[in-house]
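A short worksheet on the structure shown next.
Read the numbers this way: they start at 1 and go in the same order the structure lists the ligands and their atoms. Computed from a predicted model, the values in this text were never measured in an experiment.
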Amino acid sequence: MGAGPILALLASVLSAGAEAEEKAKADVVLRNGKIYTADPARSVRQALAFTGNTIVAVGSDTDVAPLIGPKTKVVDLVGKLVLPGLIDTHIHPIIGALNGAKCGLAGVKATIDTLKPVIQDCLAKDQGSADEWFEAAQLDNYGFSATAKDLDTIEATRPVALWGNDGHTVWVNSRGLALLGVTAETPDIPGGKIARDAKGTPTGYFADRASIFVDEKIPSPPLEEKVALTAAELKRMSAYGITSLMDAFVTPAEEAVWRKLYDTGRLPMRVRTAIYVADPSDDSDDAVARLLAASKQGDVDTEILRAGAVKVFADGVMEYPAQTAALLKPYLDANGKPTKHEGELYFDPERFARLVQKLDAAGLTVHVHAIGDRAVRASLDAFASARAANGDKDNRHQIAHLQLVDPADFPRFKELGVIADFQLEWAKREPATEGPLEPYLGPERYRYVYPAGSLHKAGATIIGGSDWDVSSYNPFRAFQTGVTRSGGNGQKPLNIDERIPLETAIDAYTINAAYAMKQNKTTGSLEAGKRADLVVLDRDLLTIDPETIDQTTVLATYLDGRLVHSASPGNAKDDDEDEDAGKWWDEREARMREWLHRN
Ligand SMILES: [Zn+2]
């Protein structure tokens with residue numbers, strides 16, 4: 001053998017060695033920070049490295065130093081806090097995005113006189129024919145009551161629909177009633193409420209499933225418009241550090257939007273869809289087969305767009321005047337005297353229990369909207385029957401909202417492995433939790449409104465969801481309210497004993513949420529082998545005054561190793577950012593922009 005081949009062989013061995021060396025280097029190293037890992041020990045580390053979409057090391061700066069090669073992007077965190085990517089387990093991105101394009105009534109006092117100029121202003125900018133629906137959204141519906149004739153004084157020619165901000169109520173004018181074809185002869189809708197006068201004539205107010213009926217009758221915008229509106233909203237969610245979410249109400253219309261976003265590469269987060277069960281009393285094999293087929297169709301990608309969950313309404317809402325939430329004991333009247341009204345369950349409990357047994361056996365996660373203590377109990381009973389019939393199938397069933405839970409039911413969450421999905425942002429004193437609620441429940445029950453602390457103490461797994469656009473999707477507001485039970489500014493807290501520790505609130509949006517979404521093997525904590533879903537924050541949540549948590553700015557959001565948000569100058573959001581954070585960004589702007597382009 002001559003020298004030539006030997007040299008060639010040597011050269012190839014050398015280059016293979018260099019390649020292996022190169023491979024051992026990380027793509028990105030974040031160092032000199034405070035990495036809250038949410039690992040089982042809840043360890044806090046200094047540095048983290050990832051390659052592609054996978055975390056390869058978490059440890060000290062010294063630990064990750066050998067992973068830095070010539071091509072590695074190194075970010076000096078200058079002490080900033082890093083959390084796992086945040087997970088919103090109950091949100092309505094598409095419905096919310098569409099509502100955002102409607103005439104906005106947020107913050108407008110809900111009386112006909114004050115609504116009139118606002119709505120007429122919108123109408124002037126959005127003219128249409130007598131057959132073209134006009135919709136307004138975010139009506140502060142608590143305590144609001146009006147008839148179609150009242151709405152006619154605002155607009156009589158065009159059909160008008162005013163959507164309440166609880167997402168369960170809608171008011172229409174007379175032209176709207178005519179277009180809907182709803183008359184005294186129209187039968188009631190199970191699980192819904194069509195308000196009627198003494199003669200049975202609909203008065204223009206619809207709640208719960210009757211409001212879904214109205215929604216389905218109003219033509220929706222073209223698919224591409226829905227996709228564009230949702231994509232813009234998802235970008236804003238990335239700016240709040242959200243890297244995964246569960247859409248808690250998915251019909252074929254929402255499914256089409258998610259699919260299009262996925263197909264066109266416009267999903268900056270992991271999405272799980274919960275398929276809406278229109279009739280939770282239908283426990284037939286056919287109904288189960290349809291849900292399974294819809295779930296299978298919604299499982300587009302094992303990580304980015306998945307289904308596997310269904311959404312059921314057990315009851316409605318608790319606030320006066322709707323009072324469609326199901327209570328164990330009747331509502332009181334405005335003066336605290338008992339009434340005969342206790343709300344109603346939106347399913348037959350025995351049939352629903354059989355449906356849950358079947359869905360559980362088929363491997364689906366059941367996510368129940370339950371507001372009143374009777375709805376919560378009936379849901380727990382159904383999960384208990386599934387447990388008895390099937391054993392523990394590890395489907396991580398969930399009850400969302402939990403406005404009122406009977407203390408006797410607190411321990412059952414842990415016993416049955418049922419996850420408590422709280423909207424932590426709701427647990428404060430505000431118009432919705434006082435006037436239309438407090439007198440109608442009385443002090444004994446009011447003390448347990450949104451019992452996050454009690455359920456936490458009883459060992460329940462707590463997760464968080466915003467239910468946007470019912471309330472803001474800013475997770476830091478949820479953290480602050482969950483910890484303080486107050487809206488800030490020295491406001492009196494709501495049931496202070498029901499506060500939860502900050503770590504529990506963070507868990508609710510990270511590792512526990514990932515568990516609920518059945519994606520905790522890949523996300524929810526920052527550990528080697530998991531996906532690089534993480535956020536860099538401008539302040540240290542763990543040490544600051546809890547009353548300032550909601551002012552947190554997300555400096556960077558990574559999804560699957562990609563930078564999907566960076567707080568760069570030129571974003572409107574930066575204008576009120578503190579100087580430190582601005583400086584922090586300035587130093588690294590160029591580098592981050594480079595990644596963004598590369599990715
Ligand atoms: Zn919801």
Worksheet item: Taking the inter-plane angle between the rings of Phe249 and Phe313 on a 0 to 90° scale, is it parallel (under 30°), tilted (30 to 60°) or perpendicular (over 60°)?
Response: tilted
Worksheet item: From the Zn ion (ligand 1), how many protein N/O/S atoms are found at a distance short of 2.8 Å?
Response: 3
Discussion item. I'd like to know if Lys193 and Glu344 make a salt bridge, using a cut-off of under 4.0 Å between side-chain N and carboxylate O.
Written reply: no
Fill in: Listed once per pair and sorted, the side chain to side chain donor-acceptor pair (under 3.5 Å) pairs that draw on residues 294-309, sequence neighbours left out
Tyr262-Asp301, Arg270-Glu303, Glu303-Arg531, Arg306-Gln519
Item to complete: Run the numbers on Asp381 and Arg412 for salt bridge (Lys or Arg N to Asp or Glu O under 4.0 Å), then give the verdict.
Response: CA-CA 9 Å; Asp381 289 347; Arg412 297 181 74 199; 2.8 Å; yes
Worksheet item: Would you call Arg377 and Asp409 a salt bridge, taking side-chain N to carboxylate O under 4.0 Å as the test?
Response: yes
Worksheet item: Side-chain donor-acceptor pair under 3.5 Å between Asp533 and Thr523, yes or no?
Response: no
